Amino acid sequence: MLSWDELRTECLACRKCGLCEGRTNVVFGCGNPDADVLFIGEGPGRDEDLQGIPFVGRAGRLLDDMLLAVGFDREDVYIANIVKCRPPQNRDPLPEEREACLAWLRNQVALIRPKIIVCLGRIAAGVILHEDYRISQEHGQWIDRAGVRMTAVYHPAALLRNPNLKGAAMADFIKIKQEADALASKEK
Ligand code: URA
């Protein structure tokens, strides 16, 4: 298995799909490499591409607010994306782009060994949880796989478009924090 440094170095030089042509930066991921909780978004937008850091635009600020509101610190969790380079005009990443990029995320998961994986939005949920994931019906439900608790919540960008969904998303975040606290206290 690659070390963090090797993984990052190789990922930053990746040319496995066409998204490398338009990128300013590879958005590798950020946070605590020993995190109990891993959040996985879809892919970088304009701000993330410019800064090389996930979730730093408007949706990212909302994510930060929600994390803080339930007692998570952005520095304590890890945040990554399904694809590490920005799709043009923020379109959904194509199946071949997702497939090409997934090895990086698999390596990240193997190094972090999170107890909880939270998919941010339907694209991440469709890749990580199951192909026909219906976010409006299944958000907040737990799936246990290989000793990891997995779930999905509405993408923060969806909450910006439809603020009516914020209540449901906050309820999911509260549940996730409670679960993270319960798993952490079991360890002691
Ligand atoms: N949306 C995502 O899915 N990921 C980011 O990093 C930013 C916005």
Side-chain angles (χ1 to χ4, degrees), residues 7-8 11-12 14 16-20 22-33 35 37-69 72-109 112 114 116-129 131 133-136 138-140 150-163 165-166 168-170 172-173 176:
L7 185 66
R8 177 187 286 276
C11 182
L12 296 191
C14 180
K16 286 198 278 188
C17 82
L19 294 182
C20 69
R23 75 180 175 221
T24 313
N25 285 295
V26 175
V27 180
F28 179 71
C30 71
N32 179 359
V37 189
L38 167 63
F39 289 86
I40 302 176
E42 174 179 331
R46 187 179 56 109
D47 296 302
E48 291 78 20
D49 173 63
L50 290 174
Q51 295 187 42
I53 303 168
F55 284 98
V56 288
R58 259 185 91 213
R61 286 194 290 280
L62 178 56
L63 176 63
D64 285 349
D65 288 347
M66 295 174 74
L67 290 174
L68 265 180
F72 278 124
D73 189 328
R74 188 176 164 119
E75 304 307 314
D76 286 343
V77 301
Y78 199 89
I79 305 176
N81 280 308
I82 295 290
V83 295
K84 313 278 192 233
C85 297
R86 183 190 183 196
Q89 278 80 50
N90 299 339
R91 65 156 167 73
D92 291 351
L94 303 173
E96 59 267 30
E97 294 161 352
R98 298 173 201 183
E99 202 41 55
C101 212
L102 216 46
W104 303 121
L105 185 62
R106 287 203 184 99
N107 264 281
Q108 289 175 306
V109 172
I112 298 168
I116 296 176
I117 291 180
V118 182
C119 298
L120 296 166
R122 70 182 170 87
I123 298 283
V127 173
I128 305 292
L129 300 181
E131 208 176 336
Y133 196 90
R134 303 279 303 274
I135 193 89
S136 57
E138 297 179 65
H139 69 88
M150 302 189 183
T151 189
V153 297
Y154 286 113
H155 194 287
L159 303 178
L160 291 172
R161 285 192 300 271
N162 185 356
L165 300 175
K166 276 189 186 170
M170 273 314 297
D172 290 342
F173 269 72
I176 291 161

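Both counts, for ligands and for their atoms, begin at 1 and track the order of listing. Owing to the predicted nature of the structure, the values given are computational and were not obtained by experimental measurement.
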Below 4.5 Å, heavy atoms only, C-beta onward: do Asn81 and Phe55 meet side chain to side chain?
yes
Ignoring angles and geometry beyond distance, decide whether Ala59 reaches within less than 3.5 Å of ligand 1 through its nitrogen or oxygen atoms.
no
Distance from atom 4 (N) of ligand 1 to nearest protein heavy atom, with residue and atom:
Asn81 OD1, 2.8 Å
Please name the residue in the list Arg91, Arg86, Lys16 that meets the salt bridge (charged side-chain N to carboxylate O under 4.0 Å, His left out) test with Glu97.
Arg91
Within a strict 4.5 Å, meaning less than it, do heavy atoms of the Leu63 and Leu120 side chains meet?
yes
the protein heavy atom lying closest to atom 2 (C) of ligand 1 turns out to be Gly43 O, 3.1 Å
Is any side-chain heavy atom of His155 closer than 4.5 Å to a side-chain heavy atom of Ile135?
no
Need the ligand 1 atom indices (1-based, order shown) with element for anything under 4.0 Å from a heavy-atom of Pro54.
6 (O)
Which of the numbered atoms in ligand 1 are below 4.0 angstrom from a heavy atom of Glu42?
2 (C), 3 (O)
Sequence neighbours left out, cut at 3.5 Å: what donor-acceptor pairs do the side chains of residues 39-48 make with other protein atoms?
| unit_1 | atom_1 | unit_2 | atom_2 | d |
| --- | --- | --- | --- | --- |
| Glu48 | OE1 | Gly45 | N | 2.9 |
| Glu48 | OE2 | Val56 | N | 2.9 |
| Glu48 | OE2 | Gly57 | N | 3.0 |

Ligand-residue contact atoms, ligand 1 with Gly41, heavy atoms, under 4.0 Å
3 (O)
